[in-house]
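In what follows, every chain begins at residue 1, and chains take the letters A, B, ... in the order their sequences are listed.
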Amino acid sequence: MSKLFPKSSNRLPLQIIIFLMVFGGVATAGVTYYMTPKYTRVGYAPVQPVPFSHALHAGQLGLDCRFCHSNVEKSGHSNVPSSQTCMNCHNQVKKDSALLAPVRASAETGEAVPWVWIHATPDHVFFNHAAHVNRGVSCVECHGKINEMDVVAHAKPLSMGFCLECHRNPETRVREKGDIFNLDSQTIAEKSGVEAGLKFISDWKIKPPESCSGCHR
Amino acid sequence: MRYVYLVAAFLVVLTVSLLGFRGEQFTSAPMDVFPEWAFPGMKYQPKFRPQSSSTFFADGRADRPLPANVVPASLPLRADDAMYRGKDTAGAFVTTFPAGIIIDAKLMARGQERYLIYCAPCHGSLGDGNGVVKKYGVAATSYHDDRLRQMADGQIFDTITNGSPSKLMLSYADKLEPEDRWAVVAYVRALQRSRQGTAADVTDTAVRQSLGIR
């Protein structure tokens, strides 16, 4: 009677196990690389109705973020500016530019310019700009170098791990009061060492929430 | 068996070439890894967030504009004309600061900070009209001429609140609270004063000597 299975099939179970391990490893690597916000969000730069450049307005002209995002220190929501804010200058500068037509139309009719919202947390997360900006956290920590971007791109993952990374060790990330809106500034720790950062944290009694109910209210 | 690995390797190359690497820029909406239909959760709640859109209202906005003459119940009633409109009871611009505003170093520091954010781009940090946008064609007034030196405090306040009479300069009322507007007015007055100093203003004898003033 001939053999039902060739001799080589003795190795098959082992080979299958090894293959599953390799395959499982590759699949896990793929999921961690591709299914986290570091891949899905970072780099998101939608086409906006007006090609507004932060590199020109905030970088070259040196406008303060608060000139346009005027509520950022006062409220949880950092507003995208009204068209009147643009018309302050653009009723005189480039006042016939075709690129600015949606802004002019909006200023005339009162309809909103349909800016695309880039950074958005899920609805179950509580986030507050004023609580960060008034307590030593600069825009650059969460939005990257906006003042060098021609088109705003999502620079940081803004995932739960990203938030907690700072909430656990704020001493390396805080800045002095005058540096918050200067995106090229250095953190206190970079300027004068982590001890200075720790001192700032204890002087200002900075205690970012680490418990679930702090961010999921 | 070798083929299985070859196919697996091919799949890896295919995925990487389709999905690319982290950090590349893209314009389509970010992929939702746990979509709501498969993993129902609380990511999208039936609530409106500030400045979001709504299909319910004709203009597509969830934020509703205030109807005319509405007064927010959460704020004190802004009945004080001098404080909130810069005018006296007869309707003329006030020439002094309202009673509620105390001019001290704190107010001046606040005024300076607000001035540098909201006015300096056009009027310049010295108030001489040489802001950064001057060379692009914004002709902002210099504070250092007689008309603006004589201008009533209340009229500067009114310019911030309602814009200039010609509407070349628009209102900054949405960016500056009335208290902040008065702080800016105080700082504008300080800028004007800074160009009208005389030797008699220096009172410290040591400084007088170092400057060579007798």
Study note, to complete from the structure: Counting heavy-atom pairs under 4.5 angstrom with chain B, the leader among A:Pro46, A:Ala29, A:Gly30 is A:Pro46
Exercise for review: Report yes if the side chains of B:Leu116 and A:Asp64 come closer than 4.5 Å at any heavy-atom pair, otherwise no.
Suggested key: no
**Study point:** From CA spacing to verdict: side chain to side chain contact (heavy atoms under 4.5 Å, CB included), B:Val4, A:Phe23
**Key:** CA-CA 10 Å; B:Val4 181; A:Phe23 190 75; over 6 Å; no
Point to revise | Heavy-atom contact with chain A under 4.5 Å, split by part of B:Leu11 | key: neither
Check your understanding: With a 4.5 Å heavy-atom cut-off, do B:Lys43 and A:Asp123 have their side chains touching?
Key -> no
Point to revise | Option that, when pairs with chain B are counted at under 4.5 Å, heavy atom only, ranks first among A:Val93, A:Val42, A:Asn88 | key: A:Asn88
**Study point:** Atom group of A:Lys74 that falls short of 4.5 Å from chain B, counting heavy atoms
**Key:** side chain
Check your understanding: How far apart are the C-alpha atoms of A:His77 and B:Gln51, what are their side-chain angles, what is the distance that settles it, and do they pass the side chain to side chain donor-acceptor pair (under 3.5 Å) test?
Key -> CA-CA 9 Å; A:His77 177 76; B:Gln51 293 192 310; 2.8 Å; yes
Check your understanding: Measuring heavy-atom distances to chain B, does A:Tyr33 have an atom under 4.5 Å in its side chain, in its backbone, in both, or in neither?
Key -> both
Check your understanding: By a 4.5 Å heavy-atom criterion (distance strictly below it), what part of A:Val26 contacts chain B: side chain, backbone, both, or neither?
Key -> side chain
Exercise for review: Check whether A:Val116 gets within reach of chain B through its side chain, its backbone, both or neither, counting any heavy atom under 4.5 Å.
Suggested key: neither
Check your understanding: Under a 4.5 Å heavy-atom cut-off, does chain A meet the side chain of B:Val12, its backbone, both or neither?
Key -> side chain
Point to revise | Residues A:Arg41, B:Glu24: salt bridge by 4.0 Å N-O rule | key: no
Exercise for review: Start with the C-alpha gap between A:Thr121 and B:Arg49, add the side-chain angles, then the distance that decides, and say whether side chain to side chain contact (heavy atoms under 4.5 Å, CB included) holds.
Suggested key: CA-CA 11 Å; A:Thr121 52; B:Arg49 302 171 76 177; 3.1 Å; yes
Review point. Heavy-atom count around A:Lys95 NZ within 6.0 Å, excluding the residue itself: above 12?
Key: no
Practice item. Identify which part of B:Phe21 has an atom lying under 4.5 Å from any heavy atom of chain A, answering side chain, backbone, both or neither. Key: both
**Study point:** Part of A:Glu73 lying under 4.5 Å from any heavy atom of chain B
**Key:** side chain
Point to revise | Check against side chain to side chain contact (heavy atoms under 4.5 Å, CB included), A:Ser70 and B:Asp174 | key: CA-CA 8 Å; A:Ser70 48; B:Asp174 57 333; 5.5 Å; no
Exercise for review: Show your reasoning for whether side chain to side chain contact (heavy atoms under 4.5 Å, CB included) applies to B:Tyr5 and A:Val22.
Suggested key: CA-CA 9 Å; B:Tyr5 282 105; A:Val22 171; 4.3 Å; yes
Review point. Using non-hydrogen atoms only, which part of A:Leu61 is less than 4.5 Å away from chain B: side chain, backbone, both, or neither?
Key: both
Exercise for review: Sort B:Ser28 into side chain, backbone, both or neither according to what part of it lies under 4.5 angstrom from a heavy atom of chain A.
Suggested key: backbone
